[in-house]
Amino acid sequence: MLVSGTGTNMAALLYASRLPGAAYEIVLVASNDPQAGALALAEAEGVPTFALSHKGMDRADHDAAMDAAIRESGAEFVALAGYMRILGDEIVGRWAGRMLNIHPSLLPLYTGLETHKRAIEAGDSHGGASVHLVIPELDSGEVLGQVRVAIQPGDTPATLAERVKLAEHQLYPRILSDYVSRGYDADYLYARVAELALALPEAEEKISHGSPGFRTGGKSGKFFAHFSDQHHGVPHISVLAKTSGQDELLDLIERDPDTFYKPAYYGASGWVGIILNRPGCDWDQVAHWLERSWASVAPKRLTKLRDAAAEF
Ligand code: GRF
């Protein structure tokens, strides 16, 4: 987590992480302000901390030092909670899709500062908070979840901020938990595979041996992928794709056993399992394998068209 202030959101995330069955663990709280209250709380709770004042430092150098500390901690995701420094494109790019922030407004309304004042002055019925992915443009990444907070007559920015904080403390742990869990959730993984597979020419879904499969070339067409959810006692949720044969299959597994495995039955005919429920699953690699597998079984009329298009 990156924080600059009192860290009430950090506290909410931390205590949620200590409930039974929590989906995440906080491995580091880092701040650009060595005096931040959040750091003292994290220390008291036994969470490792890192502090480096940004004063007198280049933005890129400061970001790089924070990034190094984050990576050193082994973190897989970064949650910003009141981190009052704008992060440069480099660190944001490195953590793309893995860095979240909480913002005290109903985005896309009121990016930036003084959100409560602006909501009250606009006569809005509600303020609220949003958890969103971080992209280089400030407070503009995909919104993952929001909670609305009614604005009451006589509310000041301070009174509204206080209730919005209560709402934030409910929102952030829930959204963060769901977000970090989805890479291990069969429904989510299946939906991503299906999206990639069905984008290939004349691909359609067809149940095969009780599991979703994807084939191309119509009714008599061949399968190019199978989705496998912990079949035959393996812990993997995976997609099966065709290799050129046993040599390549075994070579892949030897070179990268965290990604590839030999699936029961299918493995014997050269299908490789690409493990999806693992940290840092590489979706470009999955897309590449789906495409390759598709090309190996697709009828000539389809591959010809595709090869011709690729030449442009
Ligand atoms: C929160 O209002 C959050 O929405 C904003 O910064 C504030 C952090 O407060 N990004 P705290 O330090 O978590 O109490």
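Just follow the structure's listing: the first ligand is 1, and inside any ligand the first atom is 1.
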Least distance between heavy atoms, Gly97 atom then Tyr179 atom: O-OH, 2.6 Å
Salt-bridge contact Arg98-Glu76 (side-chain N to carboxylate O under 4.0 Å): no
Salt-bridge present (Asp251, Arg255; N to O < 4.0 Å): yes
Qualifying side-chain hydrogen bond (donor to acceptor under 3.5 Å, both in side chains) pairs, either residue in residues 132-153, two or more places apart: Asn101-His132, His103-Asp139, His126-Arg148, Ser130-Gln146
Close-range residues for ligand 1, whose non-hydrogen atoms fall below the 4.0 Å threshold: Thr6, Gly7, Thr8, Asn9, Gly82, Ile102, His103, Pro104, Lys165, Glu168
Worked verdict on His169 versus Tyr172 for ring pair (Phe, Tyr, Trp, His ring centres under 6.0 Å): CA-CA 6 Å; His169 301 160; Tyr172 210 173; 9.7 Å; no
Near-ring test His232/Tyr265, centroid separation under 6.0 angstrom: yes
